[in-house]
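What follows is one structure encoded as structure tokens, with my remarks underneath.
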Amino acid sequence: MKVLRIVPQRCTGCMRCELACSYAQTGTFQPARSVIRVSPFEAHTSYAPYTCPQCAEAWCMTACPVEAIAISPVGAKVVLEDQCVGCKLCTIACPHGTVLYSAATQKAIKCDLCGGDPACAAVCPTGAIEYVEAEPADWLGGFAAERSERLRLAIAGTGGH
Amino acid sequence: MAARHVIVGGGTAGLNAILSIREHDRGASEIVLVSSERPYSRMVLPYYLSRSIAESHVFTAGPARLAQLKVQPCLGRRAVSLDSGASRLTLDDATVLEYDTLLIATGSSAVRPPVPGADGPGVHSFWTLEQARGVLAGITAGSHVVLVGAGFIAFTILNAILALGARLTIVEIAPQILPRMIDAEAARMVHAWLERHGVTIRTGVEVAAIEGDDGRPRLRLRAGEDLAADLVIMATGIRTNLEWLQDSEIRVNRGVLVDRYLRSNVPNVYAAGDVAEGPDAISGKPALHAIEPTAMDHGRVAGANMAGRELAYRGSLLMNIVEVCHLDIASFGAWDDPTAETVALARPERWAYRKLLWRGDRLVGAITLGRASDLWTTNDVGILKGLVQSGVSLGSWKAHLARNPFDLKPAFVAAGTTGRLLPVTTLGRPSVPAELVR
């Protein structure tokens, strides 16, 4: 299936993906309601977007007590709004932290790959988000480990506590 | 001849087992479902109580779905005895069912303490759909509702009671609210939050008796003045439904003891859900969780094994989440392990609290509180779960999290947690879309 491949080295932290995502998902330009989230690394000198990897296990889907999460034709795990009661079980069952809760709708909200035309990938000006045929993977781990090295050394230097 | 599976109990565990069997055998076996009630989800009853969903929304597998799954329903019937040596199950109408494999998924029931009047008029439990109907019928705007017990179940219906316009008093015998879900410091914060939202809470208070002549119950407390109520809900715990196994060979403790394959001591008898005492993911020891996610896992793994797999279960991760008056409360894993190394931080100005429990540089449990509208505290409940579930080594990030236990995401990502999580599946393969399981 096609997935969102993140190339974190290309991300400039412009937050366009969050704006586009919130608009596609909620009809409003509110990054706080986006289901892709740009995280800062290395004391805000590096950034990388993070969203649902559309994992094979579908923890959210199997956790739902009322079958309100389904697999869409493009392979995304999607919330069926009229079925969802807002119990939040999927938000704790998801070990990636990518099923969120919308206080506005009182339902779960997550990445649905925009039905096969993801807005985040379309608007990313640097190609840091690509929608391509690939296996879901850990796109950020190595990057984040490297970019966090200075922070980690600084902590180690002070001995932490 | 096709194998015959008998599932006793139509709740979460039973239905997940059926789906799992069908995922594996595509309809090749015979499945009989014995359930005293039409299958519904207990998890969504609070939303029925608040009238935010219709009653029809609570039902899970209806007749059409059961027919599609080739399940022979035996609804309205209870199992009364099991002859595991002969693989024969007897129901309350004297029907005898023979089986190749049997799943015990009879769940649990609400219990009330031995207090005089605890079964009197106006005193309810909230556990089954029938009980939910009773509570809903008894509450009107302005009613004074007294919840006896301040555990998870009580908290799941707190919003609904307030949404119906009722006044709410909570009476708890323990010195704190949510004693089996969060620590004392978190409980103090939740207590203050609820009082601010108009809920009266009395902890460390024991109910001596419930009296009432005109259908209006009156609670006599061991100390202090009586409490007059329009409706009392006893949320005082649950017990496993095991009576029917009394004369069987099945080994039980508080629940049916099962191994990593969800098998009881009798090889063709499995148990799943609230009634089963299976391995805990953190301790590895038998545990009775009685939570929805454990029932789902149990059902799926038991179903796969009943269908002929040899699938070892990694164990159940204890987790609970509940929102009260827009405050999120969650805990995971070994959140109350007194031998774990802990770090805790409260941010009272944000109504936020977080406690992390460690074994070496691995997270084994957590507690988190935060306003539901506060992305800073609520966005990473899943990330906490992922860290506990994966048992990823956090190395020097541990020191970072000791300073700021709220700043989880960089640690989660840089420790390569995603890479550890992605290859792991409960059934050893990708989830199948529900509509393709038949």
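To find a chain, count down the sequence lines: A is the first, B the second, and so on, and within it residues start at 1. What you see below is based on every heavy atom in this structure, not just the backbone, and it leaves out hydrogens, waters and symmetry mates.
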key: Side-chain (B:His57) to main-chain (A:Gln83) donor-acceptor, under 3.5 angstrom   = yes

request  = Mind listing the closest non-hydrogen atom pair of B:Gln389 and A:Trp59 along with its distance?
outcome  = NE2-CZ2, 3.1 Å

remark   = If you tally heavy-atom pairs under 4.5 Å between each of A:Ala103, A:Gly141, A:Pro65 and chain B, the highest tally belongs to A:Pro65

inquiry  = Report, in residue-number order, which members of residues 314-324 of chain B are under 4.5 Å from chain A by heavy-atom distance.
reply    = B:Arg314, B:Met319, B:Asn320, B:Ile321, B:Glu323

inquiry  = What part of B:Tyr40 gets within 4.5 angstrom of chain A, counting heavy atoms only: side chain, backbone, both, or neither?
reply    = neither

task = Pick one of side chain, backbone, both or neither for B:Phe59, based on which atoms fall under 4.5 Å of a heavy atom in chain A.
result = neither

key: Proximity breakdown for A:Pro53 and chain B, heavy-atom pairs closer than 4.5 Å   = side chain

task = Mind checking the CD-CG spacing from A:Glu57 to B:Leu427? Nearest 0.5 Å is all I need.
result = 6.5 Å

task = Please report the closest heavy-atom contact between B:Lys385 and A:Ala93, naming both atoms and the distance.
result = NZ-O, 2.6 Å

inquiry  = According to side-chain contact (heavy atoms from CB on, under 4.5 Å), who are the partners of B:Asp374, at least two apart in sequence or on a separate chain?
reply    = B:Arg350, B:Arg371, B:Trp376, B:Thr377

message = Are A:Asp138 and B:Arg420 packed together at the side-chain level, in the sense that at least one heavy-atom pair is separated by less than 4.5 angstrom?
response = no

request  = Kindly state each residue pair satisfying side chain to side chain donor-acceptor pair (under 3.5 Å) with at least one member in residues 9-19 of chain A, sequence neighbours excluded.
outcome  = A:Arg10-A:Glu130

task = Drop me the distance from B:Lys409's NZ to A:Phe41's CZ, to the nearest 0.5 angstrom.
result = 7.5 Å

inquiry  = Distance check, rounded to the nearest 0.5 Å: A:Ser148 atom OG versus B:His400 atom NE2?
reply    = 8.5 Å

remark   = All heavy atoms of A:Thr62 vs all of B:Ser431, minimum pair found to be CG2-OG, 4.2 Å

ask   = Only one of A:Asp82, A:Val85, A:Val66 forms a side-chain contact (heavy atoms from CB on, under 4.5 Å) with B:Ile53, so which one is it?
value = A:Val85

ask   = So, for A:Met61 and B:Pro433, which heavy atoms are closest and what is the spacing to 0.1 Å?
value = CE-CA, 4.5 Å

key: Selection from A:Cys90, A:Ser72, A:Ala104, A:Gly86 maximising heavy-atom pairs under 4.5 Å formed with chain B   = A:Gly86

note = When rounded to the nearest 0.5 Å, the distance separating CD1 of B:Ile383 from CD1 of A:Ile92 is 14.5 Å

ask   = Atom CD of A:Gln106 and atom CG of B:Asn159: how far apart are they, to the nearest 0.5 Å?
value = 9.0 Å

ask   = Which heavy-atom pair separates A:Leu89 from B:Pro293 by the least distance, and what is that distance?
value = CD1-CG, 4.0 Å

key: OH (A:Tyr23) with more than 12 external heavy atoms under 6.0 Å   = no

query = Does the side chain of A:Lys88 reach to within under 4.5 Å of the side chain of B:Asp328, using non-hydrogen atoms?
reply = yes

task = Flag the pair A:Ser39 / B:Val413 as yes when at least one side-chain heavy-atom distance between them is below 4.5 Å, and no otherwise.
result = no

message = Nearest 0.5 Å, please: how far is CG in B:Leu421 from SG in A:Cys94?
response = 9.0 Å

remark   = Most contact-rich option vs chain B, by heavy-atom pairs under 4.5 angstrom, among A:Ala48, A:Pro136, A:Ala63, is A:Ala63

ask   = Would a 4.5 Å heavy-atom cut-off, applied to side chains only, mark A:Trp139 and B:Thr418 as touching?
value = no

ask   = Between A:Ala32 and chain B, which part of the residue has a heavy atom less than 4.5 Å away: side chain, backbone, both or neither?
value = both

ask   = What pair of heavy atoms forms the shortest contact from A:Cys55 to B:Leu422, and how long is it?
value = CB-CD2, 3.8 Å

remark   = Among B:Arg42, B:Glu292, B:Arg300, the residue with the most heavy-atom pairs under 4.5 Å to chain A is B:Arg300

task = Please state whether the side chain, the backbone, both or neither of B:Ser52 comes within less than 4.5 Å of a heavy atom of chain A.
result = neither

key: A:Ser102: side-chain hydrogen bond (donor to acceptor under 3.5 Å, both in side chains) partners, not counting sequence neighbours   = A:Thr105

query = Where on B:Val343 is there a heavy atom nearer than 4.5 Å to chain A: the side chain, the backbone, both, or neither?
reply = neither

